[in-house]
**Student:** 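Got a structure for you, written out below as structure tokens; questions coming shortly.
Atoms considered below: every heavy atom in the structure, side chains included; atoms not considered: hydrogens, waters and symmetry mates.
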Amino acid sequence: MATSFPPVVPGRFQMLHGGDYNPEQWRHRPELLDEDALLMRQAGMTAASVGIFSWAALQPGPDSWDFTWLDAVFARLQAQGVGILLATPSAARPLWLAEDAEVRRMRSDGTREDPGGRHSFCATSPRWRAAVAEIDRRLAERYAGHPALLGWHISNEFGGAAENGRCHCPRCIAGFQGWLRRRFGDDLDALNRAWNSAFWSHSYQDWAQIRPCDRSNDGLMLAWHRWCSDLVLDVVRLEKAAIRSASAAPITTNMHGPMDFYDHGAVARELDFVSYDCYPDIDGSLRDAEAVAAASFYDGCMRGLAGGRPWLLMESCPSQPQYKPRMRLKRPGMHRTLSLAHVAGGSDGVCYFQWRAGSNGHEKHHGAVLMQDAPTDTRVFREVAELGADLARLGGVVGAACPAPVGIVCDVHSTWARRVSGGFQGEPAPAELAMTHHRCFHECGIHADLVDADSDLTRFSLVVVPGVALLRPGFAKRVEAALAAGAQVLIDALSGWYDDEAAMVAGGRPGPLAGLLGLGASEEMDVLRTDERVALTVTGGWLPAGTHAIGHCDLVRLAGAEALATYAGEFYAGRPALTRHRHGAGTAWYLGCRLERPALAHLLARLANAAGIRPPLPAIPAGVVVRERIQPGRRYLFVLNPQPQAVQVAVGPGWSDALGEATMPATLDLAGHQARVLTRPA
Ligand code: GAL
């Protein structure tokens, strides 16, 4: 039964089309500000993200405030029917505040960051926290009732400074020690045991000895990642509370990048909707297929964070992103195709960085909808306006589900645990493994949601557990629940290594997953050279004939499971490489090695079939993206060609054009960089 979700902005059954808008950078050119509002309307913009880096303009000094310019922005945009996602300005603080050293992050060598830049705050600084809470509260009080307010955009890309974003000031270190005391119930012996800190004689006699500078202590370094992540969560809560003191409008924060700086699942649980900034590496080469697949992977991450609900593409580049190695222009049609790919992946809108490029400053070359005060009748503007018109016609898609029968577990605690633990360096990191698995579903047009290890897995009929090295408390139970509900569950050999403190799992790996898989504890794992592979003997057609193991070969013993592939070479010839075990109403599969992508795609397609999952089209030409979104009573099929060459796609009869009037042929001719959206009753 298809479900429909509420729109990300309550009551707005309209695709959002918007972007970062920084009018404070153009206050000396009022004629351009007037032009902005008119052109936004022409471009079909319905939302502007305002105020992201405006703190100095809003609060020029500790006791001076100026909201008049922002009042005028609200009025101008409202007059043109453009709503506002109002940002809290905490990502970049004014110099008068930054001059106070306490608000600036301390590096691990004890030196402070210079004033300037952005994202360089110390999140425990009382002065910074009070200043953030005050400006957020004032914004909320002033604009809560404004009819143009759509919602709140907290800060900007937490973790934007990545590893450098971690503050080592005495207050943060003391906070970390206090956090550990709470985690270990004030029991230092328990911490010493959990971390095996007798290793290299690092046993702690006092909480004050614990500093995040000992990279030989895996438990310590994992805890440091977690504490820094909790600080992000804490700031989100601080800002949320300040907003909620006056406004009930929906709250989000724009996530971005590889999503491993903080625990995005924990932050997402604080938000009313999730949003993401996506800048794929499109350069017109064959690598574009990777970039499109990667963007689709992050769409799946957003759906996972949103529990399957729609989300919002908060930033994307309508033209040439300045941070790429080559600032290649997107070919005509490519912006529309990439944007609709995100809508196909569950975004209920398309927003940009940014509306008008700044005249100077570090991002002046970043392709915006409008470039400085240059002429506005440009190809980019026209393409943005055309997309705006398309999005206006896609109102029926708002709230539509992306039916995702596949859940891939991708958990940041495993990413951190692998990062801090030595060993197995050549093998892919958890997120890379998740992306490889996701790619196989992407190419078949099947939505796969990326979910963290704390998520309920029972909504999926196929669950993939790749590289989930760290077993979060209760994870094995959640896998068991999915099996009990009848799912096919595939677990790989890089999963089930560590307990929640990054210690080797008790009783041998994969710990409590072994019983579900019908296996005994694994004996040892061979890691192959990159020029080696080991042939497999396969039965039952679950893998293609001629399949080889690459990367690693795990050596397990059967304890109830049956082997469907065995190693055909090496001293471990005959040992199982792929096993199957019925458990509850479901089936648990173990893959002891890595596979080349065609063999992995074959296995996942077979498992999907066993789980009753049918791709939206029987055959999809290479490089073409096909996705479905479903409303009760209506289906939408996105067919997108992000490559330069034309393709034909057999979609079958009965579709009409969701963006026009025409009935569609059963076989679509798609030009290079062309996108179509089809619809029919469900
Ligand atoms: C984003 C960021 C924006 C802008 C943009 C440029 O990651 O949120 O503020 O810097 O990148 O690509």
**Student:** How far apart are the C-alpha atoms of D281 and R287, what are their side-chain angles, what is the distance that settles it, and do they pass the side chain to side chain contact (heavy atoms under 4.5 Å, CB included) test?
**Tutor:** CA-CA 8 Å; D281 294 325; R287 288 186 302 271; over 6 Å; no
**Student:** Do V409 and V479 have side-chain heavy atoms sitting under 4.5 Å apart?
**Tutor:**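 When only atoms from C-beta onward are counted, V479 and V409 do not touch, as no gap falls below 4.5 Å.
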**Student:** Under a 3.5 Å cutoff, is there a donor and acceptor pairing between the side chains of H335 and Y352?
**Tutor:**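 Yes.
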**Student:** Return the orientation label for the Y276 and Y298 ring planes: parallel under 30°, perpendicular over 60°, tilted otherwise.
**Tutor:**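 Ring orientation, 0 to 90° scale: parallel.
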**Student:** To the nearest 0.5 Å, how far apart are CE in M259 and CG in L305?
**Tutor:**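 Rounded to the nearest 0.5 Å, the CE-CG separation comes out at 4.5 Å.
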**Student:** Are side-chain heavy atoms of M255 and L271 found at a separation under 4.5 Å?
**Tutor:**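 Contact flag for M255/L271 side chains = yes.
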**Student:** Taking atom CZ of R328 and atom CG of D288, what is their separation to the nearest 0.5 Å?
**Tutor:**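 Reported value, rounded in 0.5 Å steps: 8.0 Å.
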**Student:** Rounded to the nearest 0.5 Å, how far apart are CG of L536 and CG of L564?
**Tutor:**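 That separation rounds to 12.0 Å.
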**Student:** Before giving the answer on side chain to side chain contact (heavy atoms under 4.5 Å, CB included), spell out for V406 and F460 the whole-Å C-alpha distance, their side-chain angles and the decisive distance to 0.1 Å.
**Tutor:** CA-CA 5 Å; V406 180; F460 303 109; 5.6 Å; no
**Student:** Would you check if V384 and H17 make a side-chain contact, meaning some heavy-atom pair closer than 4.5 Å?
**Tutor:**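 With C-beta onward as the side chain, the pair touches.
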**Student:** Looking at G399, is its backbone amide N or carbonyl O close enough to the side chain of D348 to form a donor-acceptor pair, meaning the two atoms are under 3.5 Å apart?
**Tutor:**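 It does hold such a pair.
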**Student:** Would you say the side-chain atoms of T337 pair up with the backbone N or O of H673, donor to acceptor, closer than 3.5 Å?
**Tutor:**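 Here the side-chain-to-backbone pair exists.
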**Student:** Looking at L516, V465, T579, which one forms a side chain to side chain contact (heavy atoms under 4.5 Å, CB included) with I491?
**Tutor:**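 Option passing the side chain to side chain contact (heavy atoms under 4.5 Å, CB included) with I491: V465.
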**Student:** Say you draw a straight line from CG of L86 to CG of L149; how long is it, rounded to the nearest 0.5 Å?
**Tutor:**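 Atom-to-atom, L86:CG and L149:CG are 6.0 Å apart.
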**Student:** Can you measure from CZ (R478) to CG (L457) and round to the nearest 0.5 angstrom?
**Tutor:**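 Reported to 0.5 Å precision, the distance equals 7.5 Å.
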**Student:** When you measure from the side chain of D299 to the backbone of M302, do you find a donor-acceptor pair of N or O atoms at a distance under 3.5 Å?
**Tutor:**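 Side chain of D299 to backbone of M302, a donor-acceptor pair under 3.5 Å: no, none is there.
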**Student:** Identify whether the distance between the nearest side-chain nitrogen and carboxylate oxygen of R472 and D454 falls below 4.0 Å.
**Tutor:**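 Looking at R472 and D454, the cut-off is met.
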**Student:** Could you give the distance from OG (S455) to CG (D449), rounded to the nearest 0.5 Å?
**Tutor:**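 One finds 9.5 Å between OG of S455 and CG of D449.
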**Student:** Would you sort out whether F353 and H256 count as a ring-ring contact (aromatic ring centres under 6.0 Å, His included), showing the intermediate values?
**Tutor:** CA-CA 13 Å; F353 181 85; H256 76 122; over 10 Å; no
**Student:** Taking the side chain as everything from C-beta on, heavy atoms only, tell me whether P403 gets closer than 4.5 Å to H447.
**Tutor:**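 They are in side-chain contact.
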**Student:** Starting from the C-alpha separation in whole Å, work towards a yes-or-no answer on side-chain hydrogen bond (donor to acceptor under 3.5 Å, both in side chains) for E315 and Y279.
**Tutor:** CA-CA 8 Å; E315 286 184 28; Y279 294 94; 2.6 Å; yes
**Student:** Run the side chain to side chain contact (heavy atoms under 4.5 Å, CB included) test on M45 and L77 for me, step by step, so that the C-alpha distance in whole Å, both residues' side-chain angles and the decisive distance to 0.1 Å come before the verdict.
**Tutor:** CA-CA 10 Å; M45 305 282 278; L77 297 194; over 6 Å; no
**Student:** Side-chain contact test, heavy atoms from C-beta onward, threshold under 4.5 Å: evaluate it for L338 versus K330 and give yes or no.
**Tutor:**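 In contact.
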**Student:** Look at the side chain of R606 and the backbone N and O of G541, then say whether any donor-acceptor pair between them is shorter than 3.5 Å.
**Tutor:**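 Looks like yes, one N/O pair under 3.5 Å.
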**Student:** Please check: side-chain N/O of Q320 versus main-chain N/O of M327, any donor-acceptor pairing under 3.5 Å?
**Tutor:**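 Side chain of Q320 to backbone of M327, a donor-acceptor pair under 3.5 Å: yes, one is there.
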**Student:** Report yes if some heavy atom in the side chain of L312 is under 4.5 Å from a heavy atom in the side chain of L85; otherwise report no.
**Tutor:**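 L312 vs L85: side chains touch.
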**Student:** Is it the case that more than 12 heavy atoms not belonging to R269 sit under 6.0 Å from its CZ atom?
**Tutor:**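 It does: R269 CZ has more than 12 such atoms within range.
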**Student:** Decide whether S296 and R627 meet the rule of one side-chain donor and one side-chain acceptor closer than 3.5 Å.
**Tutor:**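 Yes, side-chain donor-acceptor contact under 3.5 Å.
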**Student:** Classify the side-chain pair R580/T587 by whether it contains a donor and acceptor separated by less than 3.5 Å.
**Tutor:**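 Checked: R580/T587 side chains show no N/O donor-acceptor pair below 3.5 Å.
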**Student:** Checking side chain to side chain contact (heavy atoms under 4.5 Å, CB included) between P642 and each of V292, V624, I282, which is the one that passes?
**Tutor:**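 For P642, the side chain to side chain contact (heavy atoms under 4.5 Å, CB included) test succeeds with only one of V292, V624, I282, which is V292.
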**Student:** Check the pair R336, E386 against side chain to side chain contact (heavy atoms under 4.5 Å, CB included), reporting the backbone distance first and the verdict last.
**Tutor:** CA-CA 8 Å; R336 177 175 183 271; E386 280 160 23; 5.7 Å; no
**Student:** Is any side-chain heavy atom of L394 less than 4.5 Å from a side-chain heavy atom of L659?
**Tutor:**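 SC-SC contact between L394 and L659 confirmed.
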**Student:** Under 3.5 Å, is there a donor on one side chain and an acceptor on the other for Y323 and E363?
**Tutor:**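 A pair is found: one side chain offers a donor N or O, the other an acceptor, under 3.5 Å apart.
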**Student:** Are any side-chain N or O atoms of E383 and backbone N or O atoms of G333, one a donor and one an acceptor, separated by less than 3.5 Å?
**Tutor:**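 Looks like yes, one N/O pair under 3.5 Å.
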**Student:** Going by heavy atoms in the side chains, are W355 and L39 under 4.5 Å from each other?
**Tutor:**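 Counting from C-beta outward, W355 and L39 do come under 4.5 Å.
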**Student:** Looking at D657 and R393, is there a salt bridge between them, counting it only when a charged N and a carboxylate O are closer than 4.0 Å?
**Tutor:**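 No, R393 and D657 are not salt-bridged.
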